[in-house]
Amino acid sequence: MSFSRTAVVTLIALAIAPIVPLAAQPPAAAPKPAPPAWMNPALDSDTRADLMIHEMTLDEKIQLVHGDGWGVLRSGAFVNARHNGGAGFVPGIPRLGLPDINLADSAYGVRMAALQGRYATALPSVLGMSASWDPDAAFLYGSVIGRELRAMGFNMSIGGGMDLIREPRNGRNFEYASEDPILSGILVGQLARGVQSNHIMGDIKHYAVNDQETGRNILDAVIDKRTLRETDLLAFQIAINLAKPAGVMCAYNHINGDYSCENDYTLNQVLKRDWNFKGFVLSDWGGTHSTVKAALAGLDQDQPGDDNFFSDPLKQAVLAGTVPQSRLDDMVHRIVRSMFAVGAIDNPPLPRRVVDPFRGRDDAQKIEEESIVLLQNSGNLLPLSSSAVHSIAIIGGHADVGVLSGGGSAQVDSPGGNAIDPTMGASAWGKAVYFPSSPLRYIREQAQPSAAIAYDPGTDPAAAAKAAASAQLAIVFVTQWMSEGQDSATLSLPDNQDALVAAVAAANPNTIVVLENGGPVSMPWAPNVKAILESWYPGIGGGQAIANILFGRVNPSGKLPVTFAATESDLPHPKVTGLTPRTGNNGADAGTQARERPQEFPVDYNVEGMAVGYRWFQQKNIQPLFPFGFGLSYTHFAYTNLKVSSDAKSVTFDLRNTGAQAGDEIAQVYVTLPATAGEPFRKLAGWKRVALAPGATQTVEVTIDPLYLSTYSTATDSWTRPAGTYLIEVGGSSASLPLHEKISLESGSSVAVTLP
Ligand code: BGC
């Protein structure tokens, strides 16, 4: 029997008609599978991670604890199709819904954007941002980086430079925040919070004591435990506590005999046990040196992974029991729980989009305007008055086209190519890259239209002096290019620029110097120039920020986060340890990698011990060129009426703007511990950035964390606040502290206030 097609349809229609009217019939959909249990956002990150890890095979676990090779960093290397073009890639597990980890260097902006035809905002250097002493600026800084990483399809930042500035000639100081552990910890912690607020995993590096580049792969940082805890590690402790970053990158160097990435003390005992760090430790690129030792010491992820320590050899070690299965599970747990915690799994990377360059530039300029430090202003030459300035000689520093940036893995690509020569490309390892933010252009915009503004490249001091002599004032831009992989042999500006400034200053009594530099430099010409402006590496809004300060549209408010020594012989280490006379950048040794100097060598940080930076200068009674915390304004501030709470947890004082202009003051509180502590110097214990209208007074309260009054006992492995008399000092720099009070604190909470 056969039926026509119409008859079949009619029969079926009749069969179902009594049950459901045709129009209301739902399509026969397959039941939707329930989302896996770990996708329940009501559960905490640790539980979610455990639920997912329970489903993983051994091979999948091993896959997560190492990167997949140098990728785009090394030409010819294998690049996974899902690799996003950053420094690192860890493939995810699609069947479980675990995204890939795409990691990008992002110290002062996202690195290697140009390779992908993208744009990234160059912020001022981290050291520059720190001169703002502004936790909100630090958060904004991190949020620009996080925002742009997310727009570009990354989900992990490997910025967050945190090493203390013990060595002012360190090539990477521009990536770090300060010589003071509390200032560093709070600002870099806020920066990492800003990154993570965009569902991007943050990182803090290089853990720890990677305080110079010379011999970084082989040097042994020798430092006693108490010093370690109270200085370099305290900075990390504060930042990690604040930001709860997903990652901590262990450094290349040894610390007291063991490599940082296989150092049981710093990784297991301090970071994971004492600080309860829940994230994962990833190695610096090529910083892993073993399988079992590193795994047992606390390394969780080997990067970039092509050394194979954490691939098959780790699997075999787990199978053989030399690395317990529980340790591998812990590594994986730390990685996956961090991804959940920051929202990287609930908010996987969006389709890539163009970053907002205008917003980024505005943010960069705002941060730079808070960060420029006015170091000298004789006769109140600054701010310049548009109507009074008729002619300016602008000299040197490529100020006609742009501003300098820091190099190495921090390098952000310059839009349109290197501003001094677009044919050089946007970036190149080992070459100074300028960003197209021309100070000359913005100075010209703010000067009266008829002002004669001439530019001289500054390559010939005699020619520059001639140009300066015929102008009403001279602005000399001096530069110090610094980079990962090399230190500067001296504090001097490179390329004969001291002679340039001296020649210009001799030719024109109204000479202003603008510095664009990686870290502290000496200035033998300082007494002979009227004004000095420290602009650090100023970022993409730098030219405009510098002009705004010069012409007073913005009142300078930055203060030095690092001491400027007058000369190398005043430093704890007059020479960079291990630096040979070979020439590299600024006279530094170009060869800092292990292959050039195979012999491990110690760097003895016990020379200065806890007396890092400004503490050294106070203890030795040495006058620096410019002290820590110092910076001028176009107005003045007066401090009165200090009150210290009986438990020393807070101080209040009155701050008055005694000048005629609105301005921000960074008011600082220092504490000197009782003599029994064995720390005969003042230490920064708190600060506040305060905006004041002319004539206004504000009562300022600064809280002091009891940790900052404590010392670390290696006998008991704990922090204790010693009993005795504490000196509290308050003022506008570490060398100008008009208010002081002594307070006696007994052990425990019994306290009594003594008047000074
Ligand atoms: C640097 C790290 C960087 C890594 C990846 C290393 O040479 O020390 O700071 O994150 O390379 O580029």
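Ligands are counted one by one from 1 in listed order, and the atoms in each one are counted from 1 as well.
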Visitor: Between D211 and R172, is there a side-chain N and carboxylate O pair less than 4.0 Å apart?
Guide: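 The answer is no: the pair does not qualify as a salt bridge.
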
Visitor: Specify side chain, backbone, both or neither for E213, according to which of its non-hydrogen atoms lie closer than 4.0 Å to ligand 1.
Guide: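 Neither; no heavy atom under 4.0 Å.
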
Visitor: If every non-hydrogen atom of D105 is compared with every non-hydrogen atom of A87, which pair is closest and at what distance?
Guide: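 So the two residues come closest at OD2-CB, 3.5 Å.
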
Visitor: Suppose I only count heavy atoms of S409 and a 4.0 Å limit; which atoms of ligand 1 are within that range?
Guide: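 With S409 as reference, the close atoms of ligand 1 come out as 1 (C), 2 (C), 3 (C), 9 (O), 12 (O).
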
Visitor: Give the numbers and elements of all ligand 1 atoms closer than 4.0 Å to a heavy atom of I158.
Guide: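 Near I158, meaning under 4.0 Å from one of its heavy atoms, ligand 1 has 10 (O).
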
Visitor: Specify whether H573 and Y605 have parallel, tilted or perpendicular ring planes, treating 30° as the upper limit for parallel and 60° as the lower limit for perpendicular.
Guide: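 It falls in the perpendicular class, over 60°.
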
Visitor: Check the orientation of W275 and Y207. Use parallel for under 30°, tilted for 30 to 60°, and perpendicular for over 60°.
Guide: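 Rings of W275 and Y207: perpendicular, over 60°.
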
Visitor: E175: heavy atom below 4.0 Å from ligand 1, yes or no?
Guide: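 E175 does not count as a contact of ligand 1 under the 4.0 Å cut-off.
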
Visitor: Note the single closest protein heavy atom to atom 11 (O) of ligand 1, along with its residue, its atom name and the distance in Å.
Guide: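 It is D284 OD1, 3.7 Å.
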
Visitor: Before giving the answer on side chain to side chain donor-acceptor pair (under 3.5 Å), spell out for D487 and T214 the whole-Å C-alpha distance, their side-chain angles and the decisive distance to 0.1 Å.
Guide: CA-CA 6 Å; D487 298 321; T214 302; 2.5 Å; yes

Visitor: Under a 3.5 Å threshold, yes or no: a donor from one side chain and an acceptor from the other, between R193 and Q190?
Guide: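 Yes, a side-chain donor-acceptor pair sits under 3.5 Å.
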
Visitor: Polar contacts were defined as any N/O atom of the residue lying under 3.5 Å from an N/O atom of the ligand; does this apply to R111 and ligand 1?
Guide: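 Between R111 and ligand 1, an N or O pair is found under 3.5 Å apart.
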
Visitor: Quick test: of every protein heavy atom, which one is nearest to atom 3 (C) of ligand 1, and how far off is it to 0.1 Å?
Guide: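 Heavy-atom neighbour on the protein nearest atom 3 (C) of ligand 1: D105 OD1, 3.3 Å.
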
Visitor: Would you mind running through ligand 1 and noting each atom that sits below 4.0 Å from a heavy atom of R172?
Guide: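 Counting from 1, the qualifying ligand atoms are 1 (C), 2 (C), 8 (O), 9 (O).
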
Visitor: Taking side chain as C-beta onward, heavy atoms only, is E368 less than 4.5 Å from M129?
Guide: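 Contact flag for E368/M129 side chains = no.
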
Visitor: What residue and atom, counting heavy atoms only, is the protein's closest point to atom 7 (O) of ligand 1, and at what distance?
Guide: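 Checked against all protein heavy atoms, atom 7 (O) of ligand 1 sits closest to E484 OE2, 2.6 Å.
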
Visitor: Any atoms of ligand 1 less than 4.0 Å from a non-hydrogen atom of A87? List them with their elements.
Guide: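 Counting atoms of ligand 1 from 1, those under 4.0 Å from A87 are 5 (C), 12 (O).
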
Visitor: List every atom of ligand 1 that sits less than 4.0 Å from any heavy atom of K205, numbering the atoms from 1 in the order shown and giving each element.
Guide: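 Counting atoms of ligand 1 from 1, those under 4.0 Å from K205 are 2 (C), 3 (C), 9 (O), 10 (O).
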
Visitor: Can a salt bridge be assigned to the pair D363 and R147 using a cut-off of 4.0 Å between side-chain N and carboxylate O?
Guide: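 Looking at D363 and R147, the cut-off is met.
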
Visitor: Hey, is NZ on K293 packed in by over 12 heavy atoms from elsewhere, all under 6.0 Å?
Guide: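 Yes, enclosed.
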
Visitor: For ligand 1, does H206 get within less than 4.0 Å through its side chain, its backbone, both, or neither, judged by non-hydrogen atoms?
Guide: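 Side chain only.
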
Visitor: At less than 4.0 angstrom from any non-hydrogen atom of M249, what atoms of ligand 1 do you find?
Guide: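 Matching atoms, with element in brackets: 10 (O).
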
